[in-house]
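Counting starts at 1 for both ligands and their atoms, in listed order. What you see below is based on every heavy atom in this structure, not just the backbone, and it leaves out hydrogens, waters and symmetry mates. A quick note: this is a predicted structure, and the numbers were derived from the prediction, not measured.
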Amino acid sequence: MRIVSIGGGPAGLYFSLLMKKSDPAHDITVVERNRPDDTFGFGVVFSDATLEHVAAADRESHAEITSHFAHWDDIDIHYRGRVMTSTGHGFAGMSRQVLLDILQRRCAELGVRLEFQREVADPNAYRDADLVLGADGVNSLVRSRYAEHFRPRIDWRPNKFVWLGTTFPYPAFTFLFKESPHGLWRVHAYRYDASTSTFILETTEDTWRRAGLDRADEDQTLAFCERLFADELQGHRLLKNRSLWRCFPTVRNECWRHNNVVLVGDAAHTAHFSIGSGTKLALEDAIALARALQTHGEVEKALAAYEEDRRPEVERLQRAAQVSLEWFETAERYHGRLEPLQFAMSLLTRSLRVTHGNLKLRDPRFVGAVDRWYASRAEEQSRAPISAATPPPPMFTPFRLRDMVLSNRIVVSPMCQYSAEDGTPGDWHLVNLGSRAVGGASLVIAEMTDVSREGRITRGCTGMYKPEHVAAWRRIVDFVHAASPARIALQLAHAGRKGSTRRLWEGADEPLAEGGWPLISASALPYHPYSQVPRAMDRDDMTLVREQFVAAARMAEQAGFDMLELHMAHGYLLASFISPLTNVRTDEYGGSAVNRARYPLEVFDAVRAAWPPARPISVKISASDWAEGGLGFDDAVGFARSLREHGCDAVTVSTGQTVPDQKPEYGRLYQTPFSDRIRCDAGIATLTVGGISSYDDVNSILTAGRADLCVLARGHLYDPYWTRHAAYEQGWELPWPPQYASVKSFTPRLD
Ligand SMILES: Cc1cc2nc3c(=O)[nH]c(=O)nc-3n(C[C@H](O)[C@H](O)[C@H](O)COP(=O)(O)OP(=O)(O)OC[C@H]3O[C@@H](n4cnc5c(N)ncnc54)[C@H](O)[C@@H]3O)c2cc1C
Ligand SMILES: Cc1cc2nc3c(=O)[nH]c(=O)nc-3n(C[C@H](O)[C@H](O)[C@H](O)COP(=O)(O)O)c2cc1C
């Protein structure tokens, strides 16, 4: 087979040596524009020091590569004069030049033809080869030449970075944050041989411009950085090597192959340097492609198999890299706002690949310090003494909202049961909510309960609009209070344009075929094109509905609820004012974000005034509509800020369900990033909900400051005792009701 690799970086060289090794009859040429000893940058880091795949593919080069590794286990985080160390991470660094030397030597040894100082101007020149490798890096010419087939998408990130070296031998993988009058600087540094470290400096474009670096050449950049980091470098020098300021491009291609041309390494995909995986990905691509060719023989089949094999892994890493790069881009959000250990947790768990539980295995001392710090803050905040000798797992610390003290951080999400009779909750509701309170959650939020008969979603929805409702709810509230330490909240709502529909199991959001009722909303826009068209509310409607909310709040007080949640999410009546997709009014309740928030805030104020001052109110919002032209993050932060100013105690951060053609990005903890940002930027306590299923994720969210409380909906449908199971697995004892005292002598076998 005649193979040409355009580009002699790690991907091209490694693939070539593997192919030649598998069959010396292959005729393989690597065309590289640089000289053999001519490389940009300094060291590369392998986040996974074992590199098992590389060991198995070619023991010779693996042995040489690993013999040059500078190993380290620690991550040091320099934050506001303090250095926090977390150990057990197992990284290895090495000089990029040494890596290339090893791969070049091995290629030469096996008989791969290496043509240096030869720039390929048109990859078409090699079209008669059996296989052409686009291994020409991030700015790939091959990719652009066949762009209509590869369909690349390049996301240029806003931050500026420069790749420098230093003679300071960093003892650990180091993240250094430094403030100057220009702004905040982030350094990613790691040693790659006995005496040299990579030193990548990153900052926002604004800070970079304020520092005048947009006009600086390489030497001026170096001089500026040496001055800025004089204390940290302790007399050591920074080193340059084509050290130009750049923006990071995240490269994705819809397809990686075209006829006999295939993309590998950075030409196909990039992953931000903060997760240090670019070289590892390039080597793994080479292994997968060589294996596919050996297995399938035929080029077309092999290239398809290669892409099918690699794409999921690459995309998984790119998702982690995306979260990571966004964390660094927005580090100003956390810097100075989070206390040191929380800042460290936020950084270490940023891409969800590392959790509180992983860290505890790697470094129990560090996590012990985090847990002690978290418990002490919880004790201060809640004014509830924590008597345990060892700190409780973070999820079992108390939290206060006004006079209500929650015994832990787990909340049962409101979930409609569609089982009420003219709004009256019955035995199903008693058992449903009662068993979840006994199951250990500290707060149970009763389902969306409507302030009028016409405000219901379905005929089975609960209400708080008739005197009988008070007694029916009182029965449930009293049970929860008598049988558990849990507190219970009521979620008050009006369905708006999403009303008069069928029960969940009969077709959610589908209009009733008969017996429906007239709908109102912010604007006369139906939910589905075939749904009933609601009437746009006039001022009289607004006053009426506001007073219905107030009346319902008073009834909730009589029923003994500890807290209210106002439902301003998921496209229901109050949410319909907030989103520009459902509010096209031209009066003072439509148009700008301030106008759209006016009526929901009016309702909030009226309810707040009627609700006992000692009891809290939360508001559930949709922080994004997941739809073009809809609510985005800035609107959500602005609204959460207004809520705080109006005396709201906490925001439950949900998303979507405003319009049927939404395009949500579901996944594990998919709504938590919104909670994280709102908590930091709006300065209000948050409840995060959505895709939470493990106690480890809960502990990670809390200690990293992404929310104050974690809310589980479906998790609690599946397992009413979710909190008790989490306690058991963490060796934490939750008191049982006296009726269940004998359970203490029972040992569950969960495996
Ligand atoms: C600041 C920074 C820090 C990084 N840190 C790390 C890290 O810590 N760990 C890590 O694993 N990765 C890191 N990377 C990424 C890593 O450098 C790349 O992911 C890796 O080198 C990709 O290998 P490659 O072979 O695909 O491409 P490259 O290494 O870019 O090789 C491509 C080669 O093709 C040659 N070439 C390009 N065009 C032509 C042409 N027309 N004709 C001939 N030759 C051509 C180039 O000269 C180059 O030698 C970092 C990248 C940056 C920018
Ligand atoms: C059956 C069911 C009913 C729901 N009813 C409500 C509700 O009444 N009020 C509300 O705010 N959210 C409601 N939701 C949304 C959940 O409270 C929660 O926000 C969502 O399910 C995401 O959480 P999860 O991933 O833990 O399930 C409901 C969800 C389900 C599954």
- Task: Please state whether H570 comes within less than 4.0 angstrom of ligand 2, counting heavy atoms only.
- Result: yes

- With sequence neighbours excluded, what pairs up with W156 under the ring pair (Phe, Tyr, Trp, His ring centres under 6.0 Å) test? none

- Charged N to carboxylate O below 4.0 Å: is that the case for E313 and R310? no

- Message: Under 4.0 Å from a heavy atom of G691: which atoms of ligand 2 are those, numbered in the order shown and with their elements?
- Response: 24 (P), 25 (O)

- Relative to each other, are the rings of F46 and F69 parallel, tilted or perpendicular (30° and 60° limits)? tilted

- Item | Part of H567 with heavy atoms under 4.0 Å of ligand 2, whether side chain, backbone, both or neither | side chain

- Item | Heavy-atom nearest neighbour of atom 32 (C) of ligand 1 within options G7, A135, G12 | A135

- Task: Output yes when a side-chain donor or acceptor of E218 lies under 3.5 Å from a complementary backbone atom of R242, and no otherwise.
- Result: yes

- What residues form a ring pair (Phe, Tyr, Trp, His ring centres under 6.0 Å) with H429, not counting sequence neighbours? none

- Query: In terms of ring plane angle, is the pair Y190 and W72 parallel, tilted or perpendicular, where the classes change at 30° and 60°?
  - Reply: parallel

- Considering residues, nucleotides and ligands other than E510, do more than 12 of their heavy atoms fall under 6.0 Å from its CD? yes

- Is ligand 1 under 4.0 Å from a heavy atom in the side chain of S277, in the backbone, in both, or in neither? backbone

- ligand 1 to I200 polar contact by distance, N or O atoms, under 3.5 Å: no

- Query: G265 heavy atoms, cut-off 4.0 Å: which ligand 1 atoms fall inside?
  - Reply: 26 (O)

- Query: Which ligand 2 atoms does G690 reach within 4.0 Å, using its non-hydrogen atoms?
  - Reply: 22 (C), 23 (O), 25 (O)

- Item | Option set M568, M448, K620, criterion heavy-atom distance to atom 10 (C) of ligand 2, minimum | K620

- Message: Return the closest protein heavy atom for atom 2 (C) of ligand 2 as residue, atom name and distance.
- Response: M415 CG, 3.8 Å

- Task: List the atom of W163, the atom of G43, and the distance in Å for their closest heavy-atom pair.
- Result: CZ2-O, 3.3 Å

- Query: Going by heavy atoms, is V689 under 4.0 Å from ligand 2?
  - Reply: yes

- Item | Of the listed options W163, F173, F273, F15, closest to atom 51 (C) of ligand 1 (non-hydrogen atoms) | W163

- For residues S622 and T658, is any side-chain donor paired with an opposing acceptor at under 3.5 Å? no

- Would you please classify the geometry between the F173 ring and the F175 ring as parallel, tilted or perpendicular, with 30° and 60° separating the classes? tilted

- Message: Quick check on contacts: which atoms of ligand 2 are under 4.0 angstrom from a heavy atom of S413?
- Response: 16 (C), 17 (O), 18 (C)

- among protein heavy atoms, the one nearest atom 6 (C) of ligand 2 is P414 O, 3.0 Å

- Item | Pick from N34, L281, D266: the one approaching atom 19 (O) of ligand 1 most closely through a non-hydrogen atom | D266

- Task: Heavy-atom contacts with Y190 under 4.0 Å: which atoms of ligand 1 show up? List them by number with element.
- Result: 5 (N), 7 (C), 8 (O)

